[in-house]
Novice: 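What follows is a single structure, and I will ask about it in a moment.
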Protein chains: 2
Amino acid sequence: MTDTPTSSAPTDIRGPRLHGVYDALRAAVLSGEIRPGEGISETRVAARYGVSRTPVREAFRRLADEGFLRIVPQVGTFVAPIQLAAVSDSQFIRETLECRTVRLAAERAEAGDVASLARLLDSHRAVMSPDRHSEFFALDEATHAELARIAGRPAVWDLLVAVKAQLDRVRFLSLHSEGWAAKIVGEHQSIVDRVAARDPDGAEEAMRAHLRTVFAAVDEIARTNSHFFET
Amino acid sequence: MTDTPTSSAPTDIRGPRLHGVYDALRAAVLSGEIRPGEGISETRVAARYGVSRTPVREAFRRLADEGFLRIVPQVGTFVAPIQLAAVSDSQFIRETLECRTVRLAAERAEAGDVASLARLLDSHRAVMSPDRHSEFFALDEATHAELARIAGRPAVWDLLVAVKAQLDRVRFLSLHSEGWAAKIVGEHQSIVDRVAARDPDGAEEAMRAHLRTVFAAVDEIARTNSHFFET
DNA sequence: TCGCGTCAACTTGCATACTAGTATGCCATC
DNA sequence: GATGGCATACTAGTATGCAAGTTGACGCGA
C-alpha cells in the first residue's frame, strides 16, 4: 500500500477525468454498491463515465494498490473481497499508532487545541441523527485527525486513512444501532477530557477503550456478513 | 546499480515492461543515480528503455505515490527532494510499530523462532565486510521482517517497508563508517537475546536503542547533505 | 450422456496518435 | 537596452487501435 506518510494525495492535482472516475469507483466499492467478487471492466466503466480507457486504467491501478480491486491480467478486474487478516492488521496498526499519538497530544495540548477539540465535539453532537450519517462520519474522522495534529504528527493520520480503508469497508456494511452515535461521542468526550487534563495515561486508556468499541462493531459486522470476506 | 532494499510490489503480477521500468527507476532514485530535483520525462524514459509511454506512465504514477517522484501536470516529472518532515514521520511510525511488535515477538516466540533468528544473525555476521553491503542490508531487513512474523503481524513489516522508503533514500546517501556493521549486528543480538528470554520490556528497550542508532545516522547524513532536502 | 476440441467473445497490456497546457527564447516595438 | 507579445518546443492527459491471453460456450464424437 504504497502510501508514504506525507507526500501522498495533497500535492496531487492530476486530471479531472481521472479523479472523477477514481472517486466514483472508490465510493461505489466502499459503500457496497459494487459487491466483492463482482467483475468490472475498463471498457464498460469507460463507456459508463464517458471517458476513454486510459484514465479508467489509472483509477483501477490506484484502487488495486489500496486493496479495493484485484486486477488479473487478460482476465478481468474484480472487487476484492474483504480480507479478515487485513482488517485485523488495520486494527492492530491503528491502535498502536493512535494510542501513542493521543499520549503525545495529552502532553502537548495547549488551550487553543483543547478549544478546537471542544468545537469538534459540539459539531459532532449536532449531527447525531441517523439521517446525517455521512456528516457524523466526517466529524469522527476530523476529531482523530485533530488529535494527530495536536500530537505534532499529522502525517500519522494520513497514513491511517490509507490503512483504515479495509476497515471502513466493513463499517459501511451495516448501519449502526440506536445508541451508537451517542456512545461514540461520549467516548470522544472522554478522550478529550483526558487530553485537556494533560493526562497521557488516561488519554491512552480512553483511546484504547474507544477503539475497542469500534473494533468490536467491526467484528460483529464481519461475522454476520461472512460471504463478503475471504480468509 | 545497487540493490533495492525492499522488494517492491506485494501482490502485483502485471506486465514485465512495467516492472522493468519501475524497478530500474526506483533503484536509480534510491541510489541517488538520479538526483533530487532532476527532471525526467515519460517520452525520454520510454525511449531509453525501448517501451511505450504507457508502462512508463504507470511506473511514474506508482513512484509518485511512494514519494519518489513529483508529477506536475503539463510541466514535467521530477525526482522529489527528500522531505525532512517525511523522514521524521517515518522514524516515528517505525519506532512506534516496531517497539510494539518486538514486545509481541518476545511474548510469543517459540524455540523454532529463536533458532530462526539465530540463523539470521549468523548469516549477518558472515557478510559484515564492506564489499558485501547489499547482502548486509538485505539480512538487516530480513531480521526485522522475521521479528514481525514471530509477533504474528507480518503485514506490519510490509507497511513499514513502504513507510521506510524516504528513510532508505537517506541511508543510500552515504556509506557507513568502519564499525557500523558490527554495531548493527550487536544490537540485533541484544534484541534477539531479549526475545529469546521472553522479556518484552527488555526487547522493546533493545529495539528502541537500535532504532535510535539508525535514526542518529540518518540525521547525521541529512545534516551533511542538506542540498538534497526540502524543509 | 459424457468428454474433448474448437472457436468466438471477452479481458487487460502495450503502442501510438492527438489534445491542451506551460515554459522559453526570439523578435519586434518602445 | 528594456520590454511585451508571440512562435515554438517541450510537457503530461487523453483517446484509440492492436496484440496476447483466458474463459466459457458450443458442437461433435464416443
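A note on names: the letters A, B, ... follow the listed sequences, proteins ahead of strands, and every chain is numbered from 1. Note that the coordinates shown come from a computational prediction; the quantities given were computed from them, not determined experimentally.
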Novice: Take atom CZ of F60(A) and atom C1' of dG13(C), then tell me their distance rounded to the nearest Å.
Specialist: 14 Å
Novice: Within 45° of the six-membered ring axis of F228(B) and under 6.0 Å from that ring's centre, is NZ or CZ of R35(B) located there?
Specialist: no
Novice: If the threshold is 4.0 Å, N to carboxylate O, is there a salt bridge linking D219(A) and R223(A)?
Specialist: no
Novice: With sequence neighbours left out, write down each residue that passes side chain to side chain contact (heavy atoms under 4.5 Å, CB included) with R53(A), or none if nothing qualifies.
Specialist: E42(A), T43(A), A46(A), R57(A)
Novice: Send over the distance from H19(B) NE2 to dT12(C) P, rounded to a whole Å.
Specialist: 18 Å
Novice: Less than 4.0 Å between a side-chain N and a carboxylate O, is that true for R132(A) and E135(A)?
Specialist: yes
Novice: Under a 4.0 Å threshold between the charged nitrogen and the carboxylate oxygen, would R171(B) count as salt-bridged to D168(B)?
Specialist: yes
Novice: Thinking salt bridges, do D89(A) and R94(A) make one under a 4.0 Å N-O criterion?
Specialist: no
Novice: Rounded to the Å, how far apart are I71(A) CD1 and dT22(D) P?
Specialist: 17 Å
Novice: Could you pull out the protein-nucleic contacts involving nucleotides 15-18 of chain D (nitrogen or oxygen on both sides, under 3.5 Å)?
Specialist:
| from | atom 1 | to | atom 2 | distance (Å) |
| --- | --- | --- | --- | --- |
| dA15(D) | OP2 | S52(A) | N | 2.6 |
| dA15(D) | OP2 | S52(A) | OG | 2.7 |
| dA15(D) | O5' | S52(A) | OG | 3.3 |
| dA15(D) | N7 | T54(A) | OG1 | 2.7 |
| dG17(D) | O6 | R53(A) | NH1 | 3.4 |

Novice: In whole angstrom, give the distance that lies between atom CZ of F78(B) and atom C1' of dC10(D).
Specialist: 11 Å
Novice: For nucleotides 7-11 of chain C, print each protein N/O atom paired with a nucleotide N/O atom at under 3.5 Å, atom names and distance only.
Specialist:
| from | atom 1 | to | atom 2 | distance (Å) |
| --- | --- | --- | --- | --- |
| dT11(C) | OP1 | S41(A) | OG | 3.3 |
| dT11(C) | OP1 | R44(A) | NH1 | 2.9 |

Novice: Identify, with sequence neighbours excluded, every residue that meets salt bridge (Lys or Arg N to Asp or Glu O under 4.0 Å) alongside E95(A).
Specialist: R208(A), R212(A), R100(B)
Novice: In plain terms, say whether R153(A) and E98(A) are close enough for a salt bridge, that is, a side-chain N and a carboxylate O under 4.0 Å apart.
Specialist: no
Novice: Tell me: CG of L69(B) to C1' of dA12(D), nearest whole Å?
Specialist: 14 Å
Novice: Quick one: stems involving DNA chain D, counted as three or more successive Watson-Crick or G-U pairs, both distances short of 3.5 Å.
Specialist: C:1-30 with D:1-30
Novice: Output the rounded distance in Å from CZ (R57(B)) to P (dA15(C)).
Specialist: 15 Å
Novice: Taking D122(A) first and then R119(A), would you say they form a salt bridge - that is, a charged N and a carboxylate O separated by under 4.0 Å?
Specialist: no
Novice: In a table with atom names and distances, give each donor-acceptor pair under 3.5 Å that connects a side chain of residues 68-78 of chain A to protein atoms at least two apart or in another chain.
Specialist:
none

Novice: Using the six-membered ring wherever Trp is involved, compare the ring planes of H124(A) and H188(A) and label them parallel, tilted or perpendicular (cut-offs 30° and 60°).
Specialist: tilted
